[in-house]
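For clarity, every value in this text was computed on a predicted model and none was experimentally measured.
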There are 2 protein chains.
Amino acid sequence: MARHTEKAPGDAELLQGTLDMLILKVAALRPIHGYAIVQRIQQISREALQIRQGSLYPALYRLENQGLLKSDWGKTETGREAKYYSLTKAGRKHFEAETAGWKRLCDAVSLVLESAE
Amino acid sequence: MARHTEKAPGDAELLQGTLDMLILKVAALRPIHGYAIVQRIQQISREALQIRQGSLYPALYRLENQGLLKSDWGKTETGREAKYYSLTKAGRKHFEAETAGWKRLCDAVSLVLESAE
DNA sequence: CCAGAATGCCTAGGATGTCAAGGTGTAGCC
DNA sequence: GGCTACACCTTGACATCCTAGGCATTCTGG
């Protein structure tokens with residue numbers, strides 16, 4: 001039960017470009033593997049953000065390809081093989097730029113949304 | 001290399017899904033034509049938001065096709081023919097839903113971005 | 001001991017939305 | 001006459017995301 005594949009009507013989907021930032025954020029806290037990233041983001045956002053594996057893994061390769069993430073195989077607490085991702089120096093820098101951009105965008109959109117005549 | 005998403009510093013790009021909401025917002029204030037929408041949003045957001053015509057018009061047709069906008073030909077202050085867009089009832093409803101979704105997303109992303117260990 | 005769920009990784013295909021770059025035509029100004 | 005601003009529209013490319021699968025391992029219950 002409680003299959004998290006349940007999708008409420010009007011459930012917010014991710015906006016393009018947001019995913020990378022979120023991934024970088026959770027990977028910045030400590031090395032983490034893909035499967036856990038999904039759960040982490042879901043948990044922190046109180047189930048508001050849902051990330052599919054079909055979105056996650058391509059994003060992960062993209063980020064690694066761009067030199068923003070690096071990966072190492074390791075063992076989880078449950079004794080399984082998993083690929084742990086962590087930020088590179090460039091990743092950290094990129095993350096800060098993305099965050100700044102996101103805040104700018106938020107503010108700008110708010111300005112428009114709250115504008116009256 | 002050749003990362004084609006090369007953007008000039010300080011130049012914020014829109015996130016997918018945001019455009020519709022912004023258009024609905026400015027059209028909600030009063031009927032407005034396409035060319036003016038671009039300028040309005042740019043102005044209100046203090047040049048932070050840039051909308052290309054190549055993004056705008058497809059969005060306009062999309063919204064009209066979905067029954068969220070309706071259009072009427074009219075004359076501008078400068079005496080030119082222009083297509084004025086305004087919100088339908090469904091458009092108003094949709095706009096409110098989009099706004100709510102946007103706020104939820106903002107909050108959720110903020111939660112993640114500000115999360116610590 | 002075997003089935004199924006949970007964990008963990010990955011891929012293919014299609015839909016969507018944005019952007020760059022063009023095109024049309026009119027009005028006003030020097 | 002030529003240039004800029006206004007105002008509309010189209011095409012093609014491309015990145016990103018989602019749906020919907022597949023594979024392998026470990027743990028649990030009957």
**Request:** In sequence, state the C-alpha distance, the side-chain angles, and the governing distance for A:Q50 and A:R52, and then conclude on side-chain contact (heavy atoms from CB on, under 4.5 Å).
**Result:** CA-CA 7 Å; A:Q50 308 267 345; A:R52 328 286 156 144; 4.0 Å; yes
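Between the NE2 atom of A:H33 and the P atom of C:dT7 there is a distance of 10 Å, given to the nearest Å. Going from atom CD1 of A:I32 over to atom C1' of C:dT7 covers 14 Å, rounded to whole Å. Look at OH on A:Y85: it is 14 Å from P on C:dG8, rounded to the nearest Å. Rounded to whole angstrom, the span from the CD atom of A:Q39 across to the C1' atom of C:dG8 amounts to 10 Å. With rounding to whole Å, A:I51 atom CD1 is found 9 Å from D:dC17 atom P. Atom pair B:R52:CZ and D:dA7:P shows a separation of 20 Å (rounding to whole Å applied). Rounded to whole Å, the distance from CD on A:Q50 to P on D:dC18 is 10 Å. Computed from coordinates, the A:Q53 CD to C:dC10 C1' distance equals 9 Å when rounded to whole Å.
Partners of B:Q39 according to the side chain to side chain donor-acceptor pair (under 3.5 Å) rule, which considers only residues two or more places apart in sequence or in another chain, do not exist here.
Using modelled atom types, no side-chain atom of A:K25 and backbone atom of A:D20 make a donor-acceptor pair closer than 3.5 Å.
Tested against A:S71 for a side-chain hydrogen bond (donor to acceptor under 3.5 Å, both in side chains), the candidates A:E64, A:K83, A:H33 yield a single pass: A:E64.
Here the straight-line distance linking atom CG of A:L69 with atom CD1 of A:I23 works out to 7.5 Å at 0.5 Å rounding. In this structure, CD1 on B:I37 lies 10.5 Å from CG on B:L22, to the nearest 0.5 angstrom.
B:Y57 has no side-chain polar atom (N or O) that falls below the 4.0 Å cut-off from OP1 or OP2 of D:dT10.
Contact check of residues 62-84 of chain B against DNA chain C (heavy atom, cut-off under 4.0 Å) returns B:R62, B:R80.
Relative to the side chain of B:Y61, the nucleotides D:dT10, C:dT18, C:dG8 differ in distance, and D:dT10 lies closest. Comparing C:dC9, D:dC17, D:dA7 against the side chain of A:Y35 picks out C:dC9 as the nearest.
Contact check on B:E81 versus B:K75 returns a salt bridge, with a Lys/Arg side-chain nitrogen under 4.0 Å from an Asp/Glu carboxylate oxygen.
Within the 4.0 angstrom heavy-atom criterion, only backbone atoms of the sugar-phosphate kind lie near B:G34; the bases stay farther away.
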